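Following: one structure in structure tokens, then a few remarks.
This structure is a prediction, so every number in the text was calculated from the model and none was measured. Residue numbers start from 1 in every chain, and the chains themselves are labelled A, B, ... in the order their sequence lines are given, proteins ahead of strands.
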Number of protein chains: 2
Amino acid sequence: MRFSHQREVIKEILYATNSHPTADWVFSKVRMSIPSISLGTVYRNLKQLDYLGVIKTIYDGPITRYDWNNEPHDHFKCKKCGALVDVALSDSSIKENIKDKFNFKVDDVEITLIGTCNKHLKINK
Amino acid sequence: MRFSHQREVIKEILYATNSHPTADWVFSKVRMSIPSISLGTVYRNLKQLDYLGVIKTIYDGPITRYDWNNEPHDHFKCKKCGALVDVALSDSSIKENIKDKFNFKVDDVEITLIGTCNKHLKINK
DNA sequence: ATATTAATAGTAATAATTCCTATTACTATT
DNA sequence: AATAGTAATAGGAATTATTACTATTAATAT
Ligand SMILES: [Mn+2]
Ligand SMILES: [Mn+2]
Ligand SMILES: [Zn+2]
Ligand SMILES: [Zn+2]
């Protein structure tokens, strides 16, 4: 695969946020430095970066997002504000336990927590 | 909400399969008994049934599916054939464990197993 | 039976994503 | 440095999934 400035910028933009952005958000960002870029180029490169294992595509309900963090990890989804936040299920033995229970070949366990993020929680004791 | 024959048939079709069908699949099925039905009616009623809690909408990557089983349960996704199969994580204490670890209010834990279903596994010992 | 009005069929509109093609710009070779 | 070969891009068309609109139909209360 040949070097491409567009792809580098897209990659940098992704690596600079933890917000799991959509293709459209990336598009509007990359336009700031490359005004001539097209949305198709953004989609094509996001797909390539995913294929290369450089980033990971995340399906947040009906919304497609992109994650610079290609390491296996899980997410918390806030019902109130829609934020998608990384969570580390430190005890990865949870996943191993789950894997052992089935007559399928389980390669991955994806866990999404759903609820309300601390931004909306009353601090008052 | 008023009775509708269309909605009843859609519900029955969903309740007769474990395949987590798409709106389009439901549409083609319901056409067999109601040839005049429109795709919009299928979508509208699936959304209403979800809203009523009668069925559950499932996001399988970029594919939207519908599940008659509105009880909390998890799924296994086969990378080879794309099948989405119910799994019962019998030990629901797993989920309670996970819930206890975070400074968010966690209402639900969604778990998807990803791998290869037994249809493709060699039986040979 | 009639009136009321929610639900439908059919179609148009929208949104996300992919496809197509002429043009551009890396890269290797003279 | 110029040339040739070709991968990547820009821009727009096409596709797909879903929602919105509206005249007509049909469920329900009177
Ligand atoms: Mn993440
Ligand atoms: Mn299910
Ligand atoms: Zn929130
Ligand atoms: Zn399979």
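- We find that CZ of Phe27(A) is positioned 13 Å from C1' of dT17(C), with the value rounded to whole Å.
- Within the 3.5 Å criterion, the main-chain N or O of Lys56(B) finds no donor-acceptor partner in the side chain of Asp67(B).
- For Arg2(A), the side-chain atoms get nearest to dG5(D) when compared with the rest of dG5(D), dT9(D), dA26(D).
- Atom pair Leu46(A):CG and dT18(C):C1' shows a separation of 14 Å (rounding to whole Å applied).
- Nucleic acid contact for Asn45(A): sugar-phosphate only, since backbone atoms but no base atoms lie under 4.0 Å from a heavy atom of the residue.
- To the nearest angstrom, P of dA26(D) lies 13 Å from CD1 of Ile37(B).
- Taking the nucleotide of DNA chain C with the nearest heavy atom to each of Ile34(B) and His5(A), the more 5' of the two is matched to Ile34(B).
- Contact annotation: Gln6(B) side-chain N/O to dA26(D) OP1/OP2 distance is not under 4.0 Å.
- The closest donor-acceptor contact from the side chain of Lys79(A) to the backbone of Thr116(A) lies at 3.5 Å or more, if one exists at all.
- Side-chain N/O atoms of Thr64(A) include one lying less than 4.0 angstrom from OP1 or OP2 on dT17(C).
- Counting non-hydrogen atoms under 4.0 angstrom, Thr22(A) reaches nothing in the nucleic acid.
- Under the Watson-Crick and G-U wobble criteria, each requiring two contacts below 3.5 Å, nucleotide dC20(C) is paired to dG11(D).
- Going from atom CD1 of Ile63(B) over to atom P of dA16(C) covers 18 Å, rounded to whole Å.
- dA28(C) is paired with dT3(D) under the criterion used here, namely a Watson-Crick or G-U wobble arrangement in which both key atom distances are under 3.5 Å.
- Counting to the nearest Å, the C1' atom of dT16(D) and the CH2 atom of Trp25(B) are 20 Å from each other.
- Leu49(A) places its CG atom 14 Å from the C1' atom of dA8(D), with the value rounded to the nearest Å.
- Note: CZ (Arg7(A)) to C1' (dA8(D)) measures 8 Å, nearest angstrom.
- In the set dA10(D), dT9(D), dG5(D), dA10(D) carries the atom at the smallest distance from any side-chain atom of Ser36(A).
- For Ala23(B), counting side-chain heavy atoms from C-beta on, the closest listed nucleotide (dT18(D), dA8(D), dA7(C)) is dT18(D).
- Of all nucleotides present, only dT16(D) satisfies the Watson-Crick or G-U wobble test against dA15(C), with each distance under 3.5 Å.
- Checking the phosphate oxygens (OP1, OP2) of dG10(C), no side-chain nitrogen or oxygen of Ser38(B) falls inside 4.0 Å.
- For the pair Tyr51(B) OH and dA6(C) C1', the computed distance is 16 Å after rounding to whole Å.
- Between the side chains of His20(A) and Asp86(A), at least one donor N or O sits under 3.5 Å from an acceptor N or O.
- Side chains of Thr64(B) and Tyr59(B) form a contact here, defined as non-hydrogen atoms less than 4.5 Å apart.
- At the phosphate of dT18(C), OP1 or OP2 sits under 4.0 Å from a side-chain N or O atom of Lys47(A).
- Leu39(A) comes within 4.0 angstrom of a nucleotide base, judged by non-hydrogen atoms across all strands.
- Going from atom OG of Ser33(A) over to atom CD of Gln6(A) covers 9.5 Å, rounded to the nearest 0.5 Å.
- OP1 or OP2 of dA9(C) sits under 4.0 Å from a side-chain N or O of Thr41(B).
- Of the two residues near DNA chain D, Met1(A) and Gly40(B), the one whose nearest nucleotide lies more 5' is Met1(A).
- At a threshold of 4.5 Å between side-chain heavy atoms, the hydrophobic network of Ile, Leu, Val, Met, Phe, Trp and Tyr places Ile55(A) and Leu84(A) in two separate groups.
- The side chain of Tyr43(B) contributes no N or O atom lying less than 4.0 Å from OP1 or OP2 of dT19(D).
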